[in-house]
Amino acid sequence: MTTDHGYPAVRMYIAGEWCQGATGSTAPIVNPATEEVIGEVPLATAADLDRALDAAREGFRIWRATPVTRRTAILHAAAGLIAERAADLGRISTLEQGKPLAESTGEAHRTAETLRWHADDARRAYGRIIPSDPGTVLTVRREPIGPVAAFVPWNFPVGGPNRKISSALAAGCPLVLKASEETPATAMELVRCYADAGLPAGVLNLVFGEPAEVSAHLIASPVVRLVAFTGSVPVGKLLAARAGQVMKPSLMELGGHAPVIVCADADPVTAARRSARAKFVNAGQVCTSPSRFLVHESLVEEFTAEFVKAAEAVVVGDGREPATTMGPLANARRLTSLERLTADAVARGATVRTGGARPERPGYFFAPTVLTDVPPDAELLREEPFGPIAPIVPFTGLDEALATANALPYGLAAYGFTSSAATAERLSDALEAGILSLNHCGGSVHEAPSGGVKDSGYGREGGPEALDAYLVTKRVSHLLAP
Ligand code: NAD
């Protein structure tokens, strides 16, 4: 069933059945480009969550006993369906999240590739045999940890939920996934791909609800063995603490405030073009988005001029319009934050080189913004903007730039531009980040790990490391002769 907007009726998926919550309570879903209500999301009660937990317990029994060749085949079939349905997933994602269609459809295609990668990696969750005494077989086995409670936000409505689902399922773990109440239909259609691919009932359960209530309930349940969260640092700390109280490990993919260091020997035009392109992807609502531009003083004017040119070339509009290259912010909270951060920086002496305000139109739009003369005490240089704002700050020596880059409690992504191999090695060595890109600002790739250090969290997604959090290690020492 779909609405006038071509938006599907949202359902939860529990024990292999599409359902509404036990009480029928819902919350509205808003198109951020128009501020119109386009649907409603069902909210789970404690009884719904208990059904999902029971299903996951049973799902674990089924999924861990399913031969890995069969598990891999189901995951590949789901990847095929995601690719086949990419246009529809993209359309729904743009309706509820706002990003341009090309970005949301591209995300769906990349998601299918990520899933294929994890499906193949399911076959490589090797243990090892350790040389031991004669008559003794000493092995190390890697086993699925058990049911996972996963929580994902709204910025990548296809790729975000799938990162948790594909790693957990590849490792042999079932999930109760709480996707964002702001982008629920994309998560629902993603889960439908797995269901249609033949995933047994109970292995993947999708719920929505009041986030704090859902997470408290799921984390406390003895069924859940791992807590996996992507989102903000404060919420991550809260959930990790809760998990710790009941001795459960957690995987925390949290926010950052990524520095870009443009060294004196870099080409300022190339650096500005490449970092501006990354800055405005998804309207800056990416955990690895470049967000503090530290530019050598000799290049800063040329860099700024080129960055402003790139910002002014961005076509802001409804993501459904083919010409749009940047959609609205995903929700009203982001708009309020960006207005606050800009006003604070300007009040402290910053200069708005372009943008700086919301355009006169409905929707949560905010103009691509470049600020210079931003003083070190501006909130924008300490708080992750999660939006299309670029503060540009000059530096004199590399030591100073590295100290500024590392001064915050975050450590997710960092970027550097230099033509010197020696300087590149220095940046690689000194920057406190889990993800470093040199001479480009490319996004995540499924074949390599992503994750943070310091307050940006722990654990990795992507690469062979993606399965680590979902597997436990068991030592088996077997004396052959009685
Ligand atoms: P928020 O902190 O309110 O929520 C972040 C996410 O956590 C949302 O999906 C929300 O539903 C969920 N959440 C909130 N409280 C929860 C709880 N008690 N239990 C379980 N889940 C809970 O922030 P927001 O306004 O949605 O987003 C703003 C900030 O979040 C951004 O500034 C950014 O720092 C961060 N964020 C990070 C990522 C990322 O990819 N790391 C993605 C989205 C948002």
Side-chain angles (χ1 to χ4, degrees), residues 27 29-30 32 41 43-44 49 96-99 107 148-164 176-184 186-187 207-220 224 227-243 250-258 281-289 291 329-341 364 366 379-380 382-389 408-413 433-435 443-444 450-452 454-462:
I29 303 156
V30 173
V41 55
L43 304 177
L49 298 176
E96 56 188 11
Q97 199 268 354
K99 64 177 71 176
E107 182 184 327
V148 179
F151 306 90
V152 292
W154 40 263
N155 55 339
F156 287 98
V158 195
N162 192 67
R163 275 187 154 197
K164 305 280 185 266
V176 179
L177 171 72
K178 191 201 80 61
S180 168
E181 290 70 31
E182 291 168 325
T183 55
T186 313
V207 298
F208 306 105
E210 207 290 299
E213 284 175 19
V214 177
S215 59
H217 194 95
L218 295 182
I219 294 171
V224 166
V227 177
F229 174 76
T230 299
S232 64
V233 172
V235 176
K237 286 184 174 176
L238 188 85
L239 299 198
R242 252 183 217 287
S250 52
L251 171 63
M252 289 287 151
E253 290 289 331
L254 310 179
H257 199 339
V281 165
N282 201 4
Q285 301 165 117
V286 184
C287 52
T288 55
S289 183
S291 51
L329 299 166
N331 52 54
R333 299 187 302 284
R334 295 270 26 89
L335 192 55
T336 310
S337 294
L338 293 188
E339 287 178 329
R340 173 176 54 78
L341 291 173
Y364 308 131
F366 195 80
E379 285 174 23
L380 176 59
R382 288 176 283 126
E383 179 182 326
E384 178 183 27
F386 225 63
I389 302 190
L408 297 188
Y410 305 110
L412 189 60
I435 308 165
S444 298
S450 293
K454 297 159 64 179
D455 274 8
S456 294
Y458 38 74
R460 293 294 179 265
E461 294 191 316

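Each ligand, and each atom within it, is numbered from 1 in the order the structure gives. Worth saying up front: this structure is predicted, and the values here are computed from it rather than measured.
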(message) Once you restrict to heavy atoms under 4.0 Å, what part of S180 touches ligand 1? Side chain, backbone, both or neither.
(response) neither
(request) Could you tell me whether F156 approaches ligand 1 through its side chain, its backbone, both or neither, with non-hydrogen atoms closer than 4.0 Å? (result) neither
(message) If I take atom CD from residue E339 and atom CD1 from residue I389, how far apart are they, to the nearest 0.5 angstrom?
(response) 9.5 Å
(message) Does any part of the side chain of K164, heavy atoms only, come nearer than 4.5 Å to the side chain of F151, both counted from C-beta?
(response) no
(message) Taking salt bridge (charged side-chain N to carboxylate O under 4.0 Å, His left out) as the definition, give me every residue that meets it alongside R163, ordered by chain and number, with sequence neighbours left out.
(response) E461
(message) Among residues at least two apart in sequence or on other chains, which ones pass ring-ring contact (aromatic ring centres under 6.0 Å, His included) with F386?
(response) W154
(request) Would you confirm whether any non-hydrogen atom of the protein falls under 4.0 Å from atom 40 (O) of ligand 1? (result) yes
(request) Among all protein heavy atoms, pick out the one at the shortest distance from atom 24 (P) of ligand 1; state its residue, atom name and that distance to 0.1 Å. (result) R333 NH2, 3.6 Å
(message) Can you report which non-hydrogen protein atom sits closest to atom 33 (C) of ligand 1, along with the distance?
(response) E384 OE1, 3.3 Å
(message) I need the atoms of ligand 1 closer than 4.0 Å to a non-hydrogen atom of S215, numbered in the order shown.
(response) 17 (C), 18 (N), 19 (N), 20 (C)
(message) Starting from atom 12 (C) of ligand 1, what is the nearest protein heavy atom, named by residue and atom, and what distance separates them?
(response) F229 CE1, 4.2 Å
(message) Looking at every heavy atom in both E181 and P211, which two are closest together, and how far apart are they?
(response) OE1-CG, 3.8 Å
(request) Would you mind checking which non-hydrogen protein atom is closest to atom 28 (C) of ligand 1, with the distance to 0.1 Å? (result) R334 NH1, 3.4 Å
(request) Classify the side-chain pair S291/E384 by whether it contains a donor and acceptor separated by less than 3.5 Å. (result) no
(message) Can you confirm whether V224 sits close enough to V176 that some side-chain heavy atom of one is under 4.5 Å from a side-chain heavy atom of the other?
(response) no
(message) Nearest non-hydrogen contact with atom 1 (P) of ligand 1 belongs to which option: S289, P211, S232, S337?
(response) S232
(message) Applying a heavy-atom cut-off of 4.0 Å, say which part of E253 lies close to ligand 1: side chain, backbone, both or neither.
(response) backbone
(request) Report yes or no: does R340 contribute a side-chain atom to a donor-acceptor pair with the main-chain N or O of L335 at less than 3.5 Å? (result) no
(request) Around atom 38 (C) of ligand 1, find the nearest protein heavy atom and jot down its residue, atom name and distance. (result) F386 CZ, 3.6 Å
(message) Could you tell me, atom by atom, which parts of ligand 1 come under 4.0 Å of a heavy atom of L254?
(response) 41 (N)
(message) So which atom in P385 and which in R334 form the shortest heavy-atom distance, rounded to 0.1 Å?
(response) O-NH2, 3.0 Å
(request) May I ask which of A149, G256, P153 has a heavy atom nearer to atom 6 (C) of ligand 1 than the others do? (result) P153
(request) Nearest 0.5 Å please: distance from the OG1 atom of T183 over to the CZ atom of F208. (result) 8.0 Å
(message) Tell me whether ligand 1 is touched by E182 - counting only heavy atoms on the residue side and a distance under 4.0 Å.
(response) no
(request) Mark whether atom 31 (C) of ligand 1 lies under 4.0 angstrom from at least one protein heavy atom. (result) yes
(message) I'd like to check which ligand 1 atoms, numbered from 1 as shown, lie under 4.0 Å from a non-hydrogen atom of V235.
(response) 2 (O), 13 (N), 14 (C), 15 (N), 16 (C), 17 (C), 22 (C)
(message) Using a 4.0 Å cutoff against the non-hydrogen atoms of W154, which atoms of ligand 1 qualify?
(response) 24 (P), 26 (O), 27 (O)
(message) Can you name the atoms of ligand 1, numbered from 1 with element, that are less than 4.0 Å from a heavy atom of A212?
(response) 17 (C), 18 (N)
(message) Is the shortest side-chain heavy-atom distance between Y364 and V30 below 4.5 Å?
(response) yes
(request) Find all atoms of ligand 1 within a distance of less than 4.0 Å from any non-hydrogen atom belonging to T230, and give their numbers and elements. (result) 39 (C), 40 (O), 41 (N)
(request) Without swapping roles, check the side chain of S180 against the backbone of E182 for a donor-acceptor pair under 3.5 Å. (result) yes
